[in-house]
Amino acid sequence: MKQTPLCYIEQNGRYLMLHRVKKEHDVNHDKWIGVGGKLEPGETPEQCLLREVTEETGLTLTDWRYVGRIDFHAQGWESERMHLYHAVGFTGSLIDCDEGQLVWLEKQKLAGLPSWEGDKIFLRLMEQGAPFFRMELRYRGD
C-alpha cells in the first residue's frame, strides 16, 4: 500500500486547493484536493508532508496537526494510506504547481466542486475539530 500525506492549508476561512488537471493518467484527475505526495524510501509521513507542500506550493509550513489516517481503495488503482494534516501557519509565496492549479477557495464552495465523496466526510470531521480519526474508503468509480 502506498503511503501519502494530504494537507489542507487554511487561511482566512479558505483552503488552498489543488485542481488536478495536468496529468492524464491520474486517479485524482479533475478533482479538487489538498496538497501532498508519495513518501520516498526512509521518509516519515511528516517529512514527506513538509517536502511535498514546499515542492508543490512554494510554502513552508509552520503550524500543522496530524488529524487522521485514511485507507483509500479505488477499483483499478493501487491502495493508498493517506495521512491527513490540517495546517494554519506557513511562510512563503505560491508558485506554479506541475500537478494542477492552486486556488484559495472559501470552504463553503468546496461542496459544489468535483471531489471524492470521502473527502467531504473527513473535511467535515476536520472542521468539527474531531480527535484523531481513522477511516477506510472504498470506491467503485467516483
Enquirer: Under 4.5 Å between any side-chain heavy atoms of E46 and W64, yes or no?
Expert: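 Side chain of E46 against side chain of W64, heavy atoms only: contact under 4.5 Å found.
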
Enquirer: Would you name the heavy atoms of E56 and L102 that are closest together and state the gap between them?
Expert: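 Heavy atoms only, the tightest pair is O-CD1, 3.4 Å.
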
Enquirer: Run the side-chain contact (heavy atoms from CB on, under 4.5 Å) test on F90 and V53 for me, step by step, so that the C-alpha distance in whole Å, both residues' side-chain angles and the decisive distance to 0.1 Å come before the verdict.
Expert: CA-CA 10 Å; F90 58 87; V53 166; over 6 Å; no

Enquirer: Centroid separation under 6.0 Å, is that true for the rings of Y66 and F132?
Expert: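 That pair passes the under 6.0 Å test.
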
Enquirer: Got a sec: does the NZ of K107 have more than 12 other heavy atoms crowding it under 6.0 Å?
Expert: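 Yes - once you tally the heavy atoms of other residues, nucleotides and ligands closer than 6.0 Å, there are more than 12.
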
Enquirer: Distance from E55 atom CD to C48 atom SG, nearest 0.5 Å?
Expert: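 Answer rounded to 0.5 Å: 8.0 Å.
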
Enquirer: Given L49 and H83, is the side-chain contact (heavy atoms from CB on, under 4.5 Å) satisfied, shown in steps?
Expert: CA-CA 9 Å; L49 163 76; H83 301 273; over 6 Å; no

Enquirer: Measure up the H86 and Y15 rings against each other and bin them: parallel (under 30°), tilted (30 to 60°), perpendicular (over 60°).
Expert: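 Because their plane-to-plane angle is over 60°, the rings of H86 and Y15 count as perpendicular.
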
Enquirer: Could you check whether any side-chain heavy atom of L18 comes within less than 4.5 Å of a side-chain heavy atom of C97, counting everything from C-beta outward?
Expert: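 Sidechains of C97 and L18: in contact.
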
Enquirer: Within the structure provided, determine whether L16 and Y8 are in side-chain contact (heavy-atom separation under 4.5 Å).
Expert: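 No. Closest side-chain heavy atoms not under 4.5 Å.
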
Enquirer: With a 3.5 Å distance limit and no angle check, can you tell me whether E43 reaches the backbone of E40 through a side-chain donor-acceptor pair?
Expert: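 Answer holds: yes.
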
Enquirer: In terms of hydrophobic clustering (I, L, V, M, F, W, Y; side-chain heavy atoms under 4.5 Å; direct or indirect links), are V67 and L39 co-clustered?
Expert: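 No, it is not one cluster - the side chains of V67 and L39 are not joined through contacts under 4.5 Å.
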
Enquirer: Rounded to the nearest 0.5 Å, how far apart are CD1 of I121 and CD1 of I70?
Expert: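 That separation rounds to 10.0 Å.
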
Enquirer: Give the minimum heavy-atom separation between P45 and P5, together with the two atoms involved.
Expert: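 Nearest heavy atoms, P45 then P5: O-CB, 3.9 Å.
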
Enquirer: Side chains of L137 and D71: does their closest heavy-atom pair fall under 4.5 Å?
Expert: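 Counting from C-beta outward, L137 and D71 never come under 4.5 Å.
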
Enquirer: Salt bridge between K38 and E80, side-chain N to carboxylate O under 4.0 Å?
Expert: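 Answer for the salt bridge query: no.
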
Enquirer: Can you get from L59 to I95 by hopping between Ile, Leu, Val, Met, Phe, Trp and Tyr side chains that sit under 4.5 Å apart?
Expert: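 Result: no, two separate clusters.
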
Enquirer: Please step through side-chain contact (heavy atoms from CB on, under 4.5 Å) for the pair R69 and R81, ending with a clear verdict.
Expert: CA-CA 7 Å; R69 189 181 77 203; R81 174 160 290 160; 3.3 Å; yes

Enquirer: Which pair of non-hydrogen atoms, one from T54 and one from L50, has the smallest distance, and what is that distance?
Expert: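 Heavy atoms of T54 and L50 come nearest at OG1-O, 3.1 Å.
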
Enquirer: Determine whether V88 and Y85 fall in the same hydrophobic cluster, where Ile, Leu, Val, Met, Phe, Trp and Tyr are linked whenever their side-chain heavy atoms lie under 4.5 Å apart.
Expert: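 No.
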
Enquirer: Going by atom types only, do H73 and Y139 share a side-chain donor-acceptor pair under 3.5 Å?
Expert: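 Not at all, the side chains of H73 and Y139 share no donor-acceptor pair under 3.5 Å.
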
Enquirer: Rounded to the nearest 0.5 Å, what's the gap from CG on L125 to CG on L84? Could you check?
Expert: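 Reported to 0.5 Å precision, the distance equals 9.5 Å.
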
Enquirer: Ignoring hydrogens and geometry, is there a side-chain-to-backbone donor-acceptor pair from Q47 to T44 under 3.5 Å?
Expert: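 Side chain of Q47 to backbone of T44: a pair is present.
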
Enquirer: Check this for me: does any side-chain nitrogen of one of E10 and R14 sit under 4.0 Å from a carboxylate oxygen of the other?
Expert: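 Here E10 does not pair with R14 in a salt bridge, since their nearest N and O are not under 4.0 Å apart.
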
Enquirer: Could you go step by step and tell me if F133 and F122 meet the side-chain contact (heavy atoms from CB on, under 4.5 Å) rule?
Expert: CA-CA 9 Å; F133 56 88; F122 64 68; 3.7 Å; yes

Enquirer: Could you check if a side-chain atom of L94 sits within less than 4.5 angstrom of a side-chain atom of W104, using non-hydrogen atoms only?
Expert: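 Side-chain contact under 4.5 Å: yes.
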
Enquirer: Looking only at atom types and distance, does a side-chain atom of T60 sit under 3.5 Å from a main-chain N or O of T91, one as donor and one as acceptor?
Expert: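 Between the backbone of T91 and the side chain of T60 there is no qualifying donor-acceptor contact (under 3.5 Å).
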
